[in-house]
Structure formats: structure tokens, C-alpha cells
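These notes are about the structure you will find just below.
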Number of protein chains: 2
Amino acid sequence: MSRETSLSAWVERFAAHFAEEGIPLIGGRILGYLLVCDPTERTAAELSQELEASSGSISTNLKFLVNAGLVTKRTRRGRQAAQYRVDEKRWADLVQRKLDALVSVRTLTESGMRLMSGDPQRAHRLRTVDQLYTWLADELPPLWERRPNPPK
Amino acid sequence: MSRETSLSAWVERFAAHFAEEGIPLIGGRILGYLLVCDPTERTAAELSQELEASSGSISTNLKFLVNAGLVTKRTRRGRQAAQYRVDEKRWADLVQRKLDALVSVRTLTESGMRLMSGDPQRAHRLRTVDQLYTWLADELPPLWERRPNPPK
DNA sequence: CCTTTTGTTCGGTCAACACTGAAAGAACAG
DNA sequence: CTGTTCTTTCAGTGTTGACCGAACAAAAGG
């Protein structure tokens with residue numbers, strides 16, 4: 001089996017994983033493909049052909065990915081198609097959003113605890129959950145800041 | 001505004017947050033409600049009435065929550081309805097599943113890197129992403145183990 | 001058994017969303 | 001301005017999944 005065939009199978013697994021997290025299948029395919037294709041840039045038409053997806057889907061998903069910062073659009077003069085490439089440096093933003101979403105539950109548990117002040121007995125269940133998220137909110141952001149290769 | 005009214009508004013915000021993460025609205029309502037209701041246990045019929053949801057939806061979502069370990073079912077003899085209560089200790093499992101899902105991307109980037117061995121130039125984009133997930137896979141599990149109130 | 005109470009299953013409805021393909025719109029060369 | 005090339009928009013289609021409520025099943029007392 002050729003390398004390209006293996007890689008297209010990998011792209012499919014890659015897209016399937018992110019599909020479970022709510023990213024459209026075609027968006028995931030674009031992302032995976034742009035991570036491993038050679039050369040690194042592709043036009044919308046090329047993506048449409050190589051991923052066997054309609055031009056409309058490619059357009060919609062590229063817009064989404066460019067908007068999320070994960071893909072960069074490079075326009076060229078003349079009647080030349082724009083080139084798209086993955087901006088792998090921005091991947092950290094994606095992960096950070098995930099961590100933030102997790103930590104943000106704490107604002108909920110916190111306000112719930114405030115509503116129950118004066119009744120510690122009743123607040124016991126929520127307190128247990130609140131303490132977990134408080135710990136996460138204390139630990140995750142500093143850990144994230146200590147990561148190597150921070151944003152240039 | 002009474003405490004109960006404020007709390008039902010809180011339950012609604014709580015459910016809305018988890019709805020964004022893919023948990024059915026009614027499931028989120030049950031969870032939030034069971035975290036703050038007094039007394040701590042409720043029958044399916046009571047949940048149906050207080051959350052204004054059909055018995056079918058309550059049944060389906062309770063099954064899901066019990067299966068996830070977040071809610072415990074307590075049956076009683078006679079024609080008495082079973083009682084449900086939140087098992088707040090199991091909340092950590094939920095968080096752990098989230099962290100695991102994040103870390104698990106590394107197996108993908110890793111296998112992708114293997115497919116590209118022999119072409120470091122081309123692997124550059126994937127390597128950047130792989131290094132991020134490798135770092136996460138190295139840091140998150142140990143941090144999680146160090147958390148206070150580990151499973152009894 | 002038969003009845004009452006509780007719980008689950010299941011068909012049907014509705015809304016949301018991914019995807020397509022064609023039509024409309026931009027951008028540019030000539 | 002006109003034709004060409006590339007891109008976006010949009011209406012239509014199919015699928016998925018949450019939800020409801022009624023029918024069904026299970027459990028226990030009488």
C-alpha cells in the first residue's frame with residue numbers, strides 16, 4: 001500500500017475523531033489533509049477533487065476553519081485560485097478553548113453555591129462538584145502557561 | 001424572588017451549558033435539579049412533574065445518567081417508586097473522560113508521524129501538533145492524580 | 001387472577017444540521 | 001465592457017436526534 005493511500009486512510013480517521021467532537025466531517029478531512037499534504041498549500045478546487053466533496057461544502061468549511069484561525073487563506077493576483085494552508089501554530093488555541101470550556105463550569109457551580117449560602121447541609125452535593133472545578137480552575141491555567149513553545 | 005425560583009433558573013442555565021457539550025437538555029435539567037433539590041432524592045414521577053418533561057424523556061435520560069454513574073437508583077419494596085439521587089463523587093469521572101478525550105488525540109498524531117517517517121520536511125506541520133499533544137499527555141495525567149479528594 | 005402503581009419501549013413529530021449542485025457574485029485580463 | 005475564472009450563497013434533500021405520549025410490561029397487594 002502506497003504512502004498516499006495510508007495517509008488518506010489516516011485523514012479519514014482524523015476526521016472521524018473530530019466529527020465526534022462536533023466538527024463537520026468535511027471540515028475534519030480538510031484539516032487532516034492540509035496537515036500532511038505535499039506541497040503544503042491547496043486551492044479550494046483541489047480540495048474538492050481530492051476529498052470528493054462539493055465546492056459548496058469546501059467553501060463553507062474553509063470559511064469556518066479560516067475563521068477559527070486554523071487555516072490561512074493566501075490570495076494571488078490574476079485569475080488564480082486562492083491557496084489554503086494549515087496554520088499549525090494556532091492549534092494551541094483550539095486546545096485552550098477546550099480547557100477554558102472545562103474550567104468555565106466553575107462560574108456555574110460558584111453561583112449555585114451563592115444561592116445556597118445559609119444552608120450548608122443542602123449545599124453539600126454542589127460543594128463537592130464546586131471543589132473539583134475550583135481545583136481545575138486553579139491548576140489548569142498555570143499549567144497551560146508553563147507549556148513549551150508558547151505563542152510567538 | 002424566592003430561593004426555589006432562583007434555583008430553577010440556575011438549573012436551566014446549568015442544563016444549557018451541558019447541552020452545548022452534547023448532553024440532552026432534559027438530562028442536564030435532571031442533573032442540575034438533583035444537585036440542589038431538598039430532600040436529595042426524587043422519584044421519576046416527581047422529576048417529570050417538576051421539570052415538566054414527559055415520563056418517556058425522564059426514563060430515557062435517567063437511564064443514561066445512571067449508566068454514566070452520575071445518578072444512583074434506589075429501589076424500594078412494594079409499589080413504591082424508585083428514588084434517584086445524584087452521586088456527586090462520580091463527577092470526577094466525567095471530567096476525567098473529557099481530559100482523556102483530549103489526550104487521546106496523541107495516538108492519532110503519533111501514528112501520522114510514523115507514516116511520515118523518512119520525510120522530516122513534510123512532517124513539520126504534524127510534528128508541531130504532535131508535540132503539543134505529547135506535552136498534554138505527559139502533563140495532564142500526573143496532574144490529575146495529584147488532585148485532592150481522589151476516589152475513595 | 002385482577003387491579004393498581006410504576007417503568008420502559010416505541011412510533012411519530014419536529015427542528016437542526018451537513019451536504020449538494022446550481023445560480024449568483026467578485027475579481028481580474030484583455 | 002466582455003469573457004473567464006474562481007468563490008460564495010442559497011434552496012432543496014436526507015439524516016440525525018430530542019422529545020412526547022400512548023401502549024405495553026413488570027411488580028406487588030388484595
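We name chains A, B, ... by the order of the sequence lines, and we start the count at 1 in each one. Worth knowing before you read on, the calculation uses all heavy atoms, side chains too, and leaves out hydrogens, waters and symmetry mates.
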OP1 or OP2 of [N] under 4.0 Å from side-chain N/O of [X]:
X       : N      : answer
A:Lys63 : D:dT9  : yes
A:Ser57 : C:dC19 : no
A:Lys73 : D:dT8  : yes
A:Ser59 : D:dT8  : yes

Exercise for the section: Indicate whether any N or O donor in one side chain lies under 3.5 Å from an N or O acceptor in the other, for A:Arg106 and A:Thr134. Expected result: yes

Nearest to the side chain of [X], which nucleotide is it out of [options]?
X       : options               : answer
B:Ala82 : D:dT7, D:dT9, C:dG7   : C:dG7
B:Thr60 : D:dC20, C:dT9, D:dC6  : C:dT9
B:Ala81 : D:dA22, C:dT6, D:dT7  : C:dT6
B:Ile26 : D:dT7, C:dT9, D:dC19  : D:dC19
A:Pro24 : C:dC19, D:dA22, C:dG7 : C:dC19

Give the rounded distance in Å between these two atoms: [atom1] of [X] and [atom2] of [N].
X       : N      : atom1 : atom2 : value
B:Glu46 : C:dG7  : CD    : P     : 10 Å
A:Asn61 : D:dT8  : CG    : P     : 12 Å
B:Glu20 : C:dA16 : CD    : P     : 15 Å
B:Phe64 : D:dA18 : CZ    : C1'   : 13 Å
B:Ile23 : D:dC19 : CD1   : P     : 12 Å
A:Arg42 : D:dC6  : CZ    : P     : 16 Å
B:Ile58 : D:dG21 : CD1   : C1'   : 13 Å
A:Asn67 : D:dT8  : CG    : C1'   : 15 Å

task = Would you indicate what A:Leu25 reaches in the nucleic acid, counting non-hydrogen atoms under 4.0 angstrom: base, sugar-phosphate, or nothing?
result = sugar-phosphate

* Asked: B:Glu50 and B:Arg42: salt bridge (Lys or Arg N to Asp or Glu O under 4.0 Å), yes or no, with the steps?
  -> CA-CA 10 Å; B:Glu50 313 201 27; B:Arg42 286 292 187 277; 3.4 Å; yes

Evaluation steps, salt bridge (Lys or Arg N to Asp or Glu O under 4.0 Å), between B:Glu21 and B:Lys98: CA-CA 11 Å; B:Glu21 304 192 2; B:Lys98 289 232 114 186; 3.2 Å; yes

Exercise. Should B:Leu136 and A:Arg147 be marked as a side-chain contact (heavy atoms from CB on, under 4.5 Å) after you check the CA-CA gap, both sets of side-chain angles, and the distance that decides it?
Worked result: CA-CA 9 Å; B:Leu136 282 171; A:Arg147 107 195 97 104; over 6 Å; no

d(B:Gln80 CD, B:Arg74 CZ) to nearest 0.5 Å is 9.5 Å

